[in-house]
Amino acid sequence: QLQLVQSGGGLVQPGGSLTLSCAASGFTLDRYAIGWFRQAPGKEREGVSCTSSFPGNTNYADSVKGRFTVSRDNAKNVVYLQIDSLTPEDTAVYYCAGDPYYLDRSEGYGCHISYESDYIDWGQGTQVTVSS
């Protein structure tokens with residue numbers, strides 16, 4: 001089983017930046033697609049980004065495209081989510097999660113953010129609060 005430990009959340013002013021980390025153990029990270037999800041108070045959890053070991057395979061929700069950047073360091077077994085130009089609407093608990101079967105999904109190869117059920121192993125979540 002893949003274990004994911006998250007860090008990097010905190011309180012940030014609007015317009016600021018933050019980098020979240022998702023450190024993996026148990027298996028080599030490149031065997032998984034990694035998704036980033038967030039859940040704001042009173043709202044449904046939504047996928048915001050994902051990445052896999054396929055070269056250049058990243059995806060972003062329209063609401064965060066251009067502000068969020070996902071990257072992977074396979075040597076360190078860590079996936080990062082850099083968040084720029086933060087707004088209060090970005091306030092949420094952010095989760096990373098692993099999809100061990102991303103090579104054999106009916107929706108297509110690579111990573112997806114629209115199919116939350118594909119992600120089996122989840123990090124503990126980290127709070128991001130954007131406030132002046």
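Remark: Ser52 OG to Arg72 CZ distance equals 6.5 Å, nearest 0.5 Å. Of the inter-residue distances, the one linking Glu116 atom CD with Glu44 atom CD reads 9.0 Å to the nearest 0.5 angstrom. Interatomic distance, Asp84 CG to Arg67 CZ, rounded to the nearest 0.5 Å: 8.5 Å. With rounding to the nearest 0.5 Å, the separation of CG in Asn59 from OG in Ser114 is 8.5 Å. We find the CD1-CG distance between Ile120 and Asp99 to be 6.5 Å, quoted to the nearest 0.5 Å. The structure places CD of Gln6 at 11.5 Å from CD of Gln127, a figure rounded to the nearest 0.5 Å.
Leu86 and Val93 are members of different hydrophobic clusters when ILVMFWY side chains are connected at heavy-atom separations under 4.5 Å. The hydrophobic clustering, which links ILVMFWY residues whose side-chain heavy atoms are closer than 4.5 Å, places Leu18 and Tyr80 apart. No continuous path of ILVMFWY side-chain contacts below 4.5 Å connects Tyr32 to Trp122, so the two sit in separate hydrophobic clusters. Grouping the Ile, Leu, Val, Met, Phe, Trp and Tyr side chains by contacts below 4.5 angstrom, directly or via other members, places Leu29 apart from Val78.
A heavy-atom distance below 4.5 Å is found between the side chains of Phe37 and Tyr119. Using a 4.5 Å cut-off on side-chain heavy atoms (C-beta onward), Val128 and Leu20 make contact. A 4.5 Å side-chain heavy-atom check between Thr69 and Leu81 finds every atom pair outside the cut-off. Using a 4.5 Å heavy-atom threshold, the side chains of Thr87 and Pro14 count as separate.
Looking only at distances, no side-chain donor or acceptor of Asp118 sits under 3.5 Å from a matching main-chain atom of Tyr101. Looking only at distances, no side-chain donor or acceptor of Asn74 sits under 3.5 Å from a matching main-chain atom of Asn77. Counting only distance, with no hydrogens or angles, the side chain of Thr28 and the backbone of Asp30 share no donor-acceptor pair below 3.5 Å. Panel note: side chain Gln82, backbone Thr19; no donor-acceptor pair is recorded below 3.5 Å. In terms of modelled atom types and a separation under 3.5 Å, the side chain of Thr51 and the main chain of Val79 share no donor-acceptor contact.
Using modelled atom types, one finds a donor on one side chain and an acceptor on the other under 3.5 Å when comparing Tyr102 with Ser53.
By the 4.0 Å N-to-carboxylate-O rule, Arg38 lies close enough to Asp90 to be salt-bridged with it.
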Next item on the list: Mind running side chain to side chain contact (heavy atoms under 4.5 Å, CB included) on Trp36 and Cys22 for me, showing each step along the way?
Entry: CA-CA 9 Å; Trp36 287 94; Cys22 180; 3.7 Å; yes
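Closest heavy-atom contact between Ile34 and Cys96: CG2-CB, 4.3 Å. Scanning all heavy atoms of the two residues, the minimum distance from Ala61 to Ile113 falls at N-CD1, 3.4 Å. A pairwise comparison of heavy atoms in Ser85 and Ser17 identifies N-OG, 4.3 Å as the closest pair.
Annotation for Tyr115: atom OH does not count as buried by contact number, only 12 or fewer foreign heavy atoms lying within 6.0 Å. With a 6.0 Å radius and a threshold of 12 heavy atoms from other residues, nucleotides or ligands, Arg105 has its CZ atom above the threshold.
In terms of the side chain to side chain contact (heavy atoms under 4.5 Å, CB included) criterion, residue partners of Leu11 (sequence neighbours excluded) are, by chain and number, Thr129, Ser131.
Under a cutoff of 6.0 Å and an axis angle of 45°, Arg45 and Tyr95 form a cation-pi pair.
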